[in-house]
Colleague: 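The structure under discussion is supplied below as structure tokens; questions concerning it will follow.
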Amino acid sequence: MKVYFVGFGPGNVELLTLKAYRLLKEADLIIYPGSIIEESFLDEFDGEKINSYGMRLEEIVEIMERAVKEGKKVVRVQSGDPTIFGAVWEQIRELRKRGIDCEVVPGVSSVFASAASLCIELTSPSTPGVAIVRPAGKTLREDYLEKLAKLPLTLVILLGVDRIEYVVEKIAKVRGEEEPCAVVFHASREDEVKIVSKLGKIAEEVRKRKIERTATIIVGKVVEGYDERSHLYG
Ligand SMILES: C[S@@+](CC[C@H](N)C(=O)[O-])C[C@H]1O[C@@H](n2cnc3c(N)ncnc32)[C@H](O)[C@@H]1O
């Protein structure tokens with residue numbers, strides 16, 4: 001008895017892993033987050049489809065439990081990679097309490113799909129790393145955006161484009177308005193939009209394009225590429 005939590009990637013079927021594709025093909029029941037994964041993305045999979053948008057955790061878990069106990073193959077679709085802001089553990093925790101095993105299948109996160117769309121690296125020879133964060137909100141009290149901005153990291157902000165003014169204000173206080181940044185809406189999809197700009201201008205450009213959701217914000221020098229050489233190629 002098992003539920004498969006499958007990373008669907010950023011919304012382009014070609015970016016599914018072979019394993020995700022096989023499991024979706026074999027699934028009797030596919031539960032998907034309709035707010036981010038449109039039902040049409042699942043057209044080539046024949047299993048029964050249920051949109052979990054607006055459902056309570058208990059309801060989703062009950063549907064999965066019932067189906068698994070009826071001997072059905074259940075795939076719980078997660079956008080991008082399940083382990084990044086996927087609220088996956090809450091579901092696994094509940095299923096385990098009911099004696100149901102779970103398997104997580106990784107997917108292409110919007111973090112990486114957005115960087116790929118921009119044809120950039122998130123790191124450079126002199127960038128120690130990346131922070132993947134979200135702005136504070138209902139469930140997150142403190143986002144530490146200002147503190148993180150003080151470190152020489154590339155900042156990738158998910159779930160934040162609707163509050164871009166707030167995000168920009170916090171980071172620009174430290175890095176200034178000329179800091180390079182980008183916003184990618186619907187990375188990898190047909191209607192993808194990319195905006196490459198500076199902190200001082202990005203909010204206005206995002207509002208002009210009427211982007212309010214399903215977009216990734218990337219802040220850091222790497223948005224403009226880099227001149228250094230690594231030691232990888234001698
Ligand atoms: C609930 S989080 C889930 C993230 C997901 N687990 C991942 O790894 O991409 C949803 C957020 O991911 C980002 N996102 C998801 N799909 C995207 C896409 N195709 N293009 C750009 N950003 C996307 C947006 O910031 C959105 O608000």
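Every number for a ligand or one of its atoms is a count from 1 in the order of the listing.
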Colleague: Is it the case that over 12 heavy atoms from other parts of the model lie below 6.0 angstrom from the CD atom of Glu103?
Modeller: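 Yes, enclosed.
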Colleague: Using a 4.0 Å cut-off on heavy atoms, what residues surround ligand 1? Order them by chain and number.
Modeller: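 Its neighbours under 4.0 Å (heavy atoms only) are Pro10, Ile36, Ser79, Gly80, Asp81, Ile84, Phe85, Ser109, Ser110, Ser114, Leu158, Leu159, Val184, His186, Ala187, Arg189, Thr214, Ala215, Thr216, given by chain and number.
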Colleague: Between Phe8 and Tyr32, does the ring centre distance come in under 6.0 Å?
Modeller: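 When the ring centroids of Phe8 and Tyr32 are compared, they turn out to be at least 6.0 Å apart.
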Colleague: Rounded to the nearest 0.5 Å, how far apart are OH of Tyr4 and CG of Asp101?
Modeller: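 CG of Asp101 is found 9.0 Å from OH of Tyr4.
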Colleague: Check salt bridge (charged side-chain N to carboxylate O under 4.0 Å, His left out) between Lys97 and all other residues, then give those that pass, not counting sequence neighbours.
Modeller: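 With sequence neighbours excluded, Lys97 shows a salt bridge (charged side-chain N to carboxylate O under 4.0 Å, His left out) to Glu94, given in chain and number order.
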Colleague: Answer yes or no for Arg134 and Phe85: cation-pi contact, defined as NZ/CZ to six-membered ring centre under 6.0 Å and angle to ring axis within 45°.
Modeller: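 Yes, a cation-pi geometry holds between Arg134 and Phe85.
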Colleague: Just wondering, are more than 12 heavy atoms of other shown residues or ligands nearer than 6.0 Å to CG in Asp46?
Modeller: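 Counting neighbours around CG of Asp46, 12 or fewer heavy atoms of other residues, nucleotides or ligands fall under 6.0 Å, so no.
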